[in-house]
Student: 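Got a structure for you, questions after.
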2 protein chains.
Amino acid sequence: MRATGRPTLAGVAERAGVSLKTASRVLNGEPNVADGTREKVRLAAAALGFRRNAVAADLARGGASRLLGFISGDIANPFYSAVAGGIERVAREHGLHLITTSCEEDPARERLLTEELLERRVRGLVVTPTPAGHDHLAGELAAGTRLVFADRPAAGLAADSVVIDNPGGVRAAVRHLTAHGHRRIAFVGDNPEVWTFRERRAAFAGAMSDAGAPGAERWVRPGAHDAGTARALVTDLLTAPEPPTAILAENNRVTEGALRALRAVPGGDDVALVGFDDFPLADLLGVTVVAYDAAELGRRAADLVVTPGPAASSPRTETVPTRLIPRGTGERRPRA
Amino acid sequence: MRATGRPTLAGVAERAGVSLKTASRVLNGEPNVADGTREKVRLAAAALGFRRNAVAADLARGGASRLLGFISGDIANPFYSAVAGGIERVAREHGLHLITTSCEEDPARERLLTEELLERRVRGLVVTPTPAGHDHLAGELAAGTRLVFADRPAAGLAADSVVIDNPGGVRAAVRHLTAHGHRRIAFVGDNPEVWTFRERRAAFAGAMSDAGAPGAERWVRPGAHDAGTARALVTDLLTAPEPPTAILAENNRVTEGALRALRAVPGGDDVALVGFDDFPLADLLGVTVVAYDAAELGRRAADLVVTPGPAASSPRTETVPTRLIPRGTGERRPRA
DNA sequence: CTGTTAGCGCTTTCAG
DNA sequence: CTGAAAGCGCTAACAG
């Protein structure tokens, strides 16, 4: 008894009065079939409403399925969905489909999802890793699994990755602000567990030092994981004695919070603001940002997945460039 | 010769000195296995780095794979990604993974993707349909495939669907504007092929008529498929003789274009604006909108997919409510 | 040009 | 508690 009621290749073959293999050949568009036979099989397939079972086909071919996996923090987040769009585009060019999943920044869930996708025999995996260690994947990597990390490298695992040019972006922002006369620049960002935060923070300290304003660490405010806390931190900064004249927001959630704080605090309109990450309608709001192409991040990651590196090579790391877009808030000068 | 170098269940069984079936039982956590045997198998599996092949397992079970498909217009679009997030959440509760694809609003591509996902034997499919006919899926539906349309119903096919409360949202917007004294209200929207446009446009005409301002069709401007054309259309409207005192933007791209037009046209600050669809930072921009929960749309669609309707029932249609959020632009009164 | 014989890696009867 | 045999639906040699 068939488990599903669906017509099978065997059914088509029988109805057409040919062998299984011949039916297979026709339905796969292979050559060397008589036109008449071809037609008979086509008719039988149509009459039965036959649809080939790609799962069985993949299995028989013995290889991986035609699927790519993407483990993101949250697929509903526009940043990740832009990355997913980039991955999908490349996947499509290679005849692959994309399975998208969200781990909610939870290491345990990331690991579970990785396991499940691997069991599904995906062709490769793009992961935006949580801060947890990833050494448990070393064996998988050695076995030849195509694994690429996006936006940040995996802790404790030498694997291909593609990241944003964080240092370059932050340096550009700091230079922009100091060129406009700022010395007291605050850096407000996410939690220190987050790799991108640490990268950007380090670049900030370095750039400030280069600008002849060392000791900038004192202007660093971590812990703004959402717009609400960012707003509170910025408000605190601005209402304390000797407030900063400029804010460098480490990501778009912080930028949003900073924007709200600047609106609410008296004199906030005079405080300069540069945000890392562009966002929709930022031009209407006049917000100066450090922008980059998130879809490009996805495209490059997918390229790395589908393009095996030179055997036994060391991990490849690619960098997506950033550019500063002046729109107003970043060009405010400190009050004399 | 094995096609892949991966360890198989047979390999584990051999190494553990048990039969295939026993190894299977252990690795699937089935009961009735002696503790010692269980341990032996576990050890063998670990030593080999065994990972079960979920594809083969699904096939052997004869059913569909544990995958759900989502065919959207563009996964990089925040609206669709919010929907995807909702679908994924429900899918996860049912132990399913989500394959996301983008058809770029192209009917041929939508059809191709549908075929491919069906060949992959997905458990069910959520589709945001292009305007093309979908009668080719009638057989599939009859065969029991779980198919649900989201955001708009499929043309020419009686299938389950979940949509936004378009009439309610538009009526609320019109009532809001007329209550603030507006009579000359323009409705700017997408192309007439788009189902949501037609729904909203019809509701607009009805609501205007109800408000004692019939003949509103003359204030309707279709054809704004992107923010650029929307901006041009709104600029034309405002610079013509007897310009409208209020704009109802049919979707968020139109709202964006209208916003830019209002900024650029002299006196644009006095024109009221209500947009259908909420968007990030709309509050900072002070834009009054008709909002709804896109993730809820996805959740409900996924619910319909995993919950078979009463056999032979007529298609189920669900509606996601909207609500008007006043933020400033919608409360401007016409100049005396 | 067409068919036969083996599997892919796993699950399921149904006997021991 | 354990195993042998039969298949899921399809593809891949290798003959004819």
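Lettering follows sequence order; numbering is per chain, from 1.
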Student: Given side chain to side chain donor-acceptor pair (under 3.5 Å), test B:Arg6 with A:Thr145 step by step and report yes or no.
Tutor: CA-CA 11 Å; B:Arg6 296 190 156 284; A:Thr145 301; 3.3 Å; yes
Student: Contact class for B:Asn32 vs. all strands (heavy atom < 4.0 Å): base, sugar-phosphate, or nothing?
Tutor: base
Student: Can you tell me if B:Glu88 and A:Thr100 form a side-chain donor-acceptor pair at under 3.5 Å?
Tutor: no
Student: If you check the A:Ser24 side chain, which of D:dC1, C:dC10, D:dT11 turns out closest?
Tutor: D:dT11
Student: A:Leu27 CG to C:dT2 P: how many Å, rounded?
Tutor: 14 Å
Student: Could you pull out the closest heavy-atom pair between A:Ile75 and A:Ser81, with the gap in Å?
Tutor: O-CB, 3.6 Å
Student: For the side chain of B:Leu59, counting heavy atoms from C-beta on, which of C:dG9, C:dT12, D:dC10 is nearest?
Tutor: C:dG9
Student: Tell me: CZ of B:Arg121 to P of D:dG9, nearest whole Å?
Tutor: 9 Å
Student: Measure from the side-chain heavy atoms of A:Ala60 and tell me the nearest of D:dT11, C:dT2, C:dC10.
Tutor: D:dT11
Student: In terms of side-chain heavy atoms of B:Ser19, which of D:dG3, C:dG9, D:dC10 is nearest?
Tutor: D:dG3
Student: B:Asn28 side chain: which of D:dG9, D:dT11, C:dT11 is closest?
Tutor: C:dT11
Student: What are the two closest heavy atoms between B:Arg38 and B:Asn32, and how far apart are they?
Tutor: NH2-N, 4.5 Å
Student: What's the NZ-P distance between A:Lys21 and C:dG7, to the nearest Å?
Tutor: 17 Å
Student: Going by the angle between their ring planes, with limits at 30° and 60°, are B:Tyr80 and B:Phe70 parallel, tilted or perpendicular?
Tutor: tilted
Student: How many whole angstroms separate atom CD of A:Glu39 from atom P of C:dC1?
Tutor: 16 Å
Student: Starting from P on C:dC10, measure out to CZ on B:Arg6 and report it in whole angstrom.
Tutor: 11 Å
Student: Which one, D:dG7, C:dT2, D:dC1, comes nearest to the side chain of A:Thr22?
Tutor: C:dT2
Student: Once you round it to whole Å, what is the distance between C1' of D:dG9 and CZ of A:Arg51?
Tutor: 16 Å
Student: Between B:Thr37 and D:dT2, is there a side-chain N or O to OP1/OP2 distance below 4.0 Å?
Tutor: yes
Student: Nearest to the side chain of A:Arg61, heavy atoms from C-beta on, is which of D:dT11, D:dC1, C:dT12?
Tutor: D:dT11
Student: To the nearest Å, give me how far apart CG (A:Asp58) and C1' (C:dG9) are.
Tutor: 13 Å
Student: Checking contacts here: which listed nucleotide (D:dC10, C:dT12, C:dT11) is nearest the side-chain heavy atoms of B:Arg52?
Tutor: C:dT11
Student: Using whole Å, report how far CG of B:Leu20 lies from C1' of D:dG7.
Tutor: 13 Å
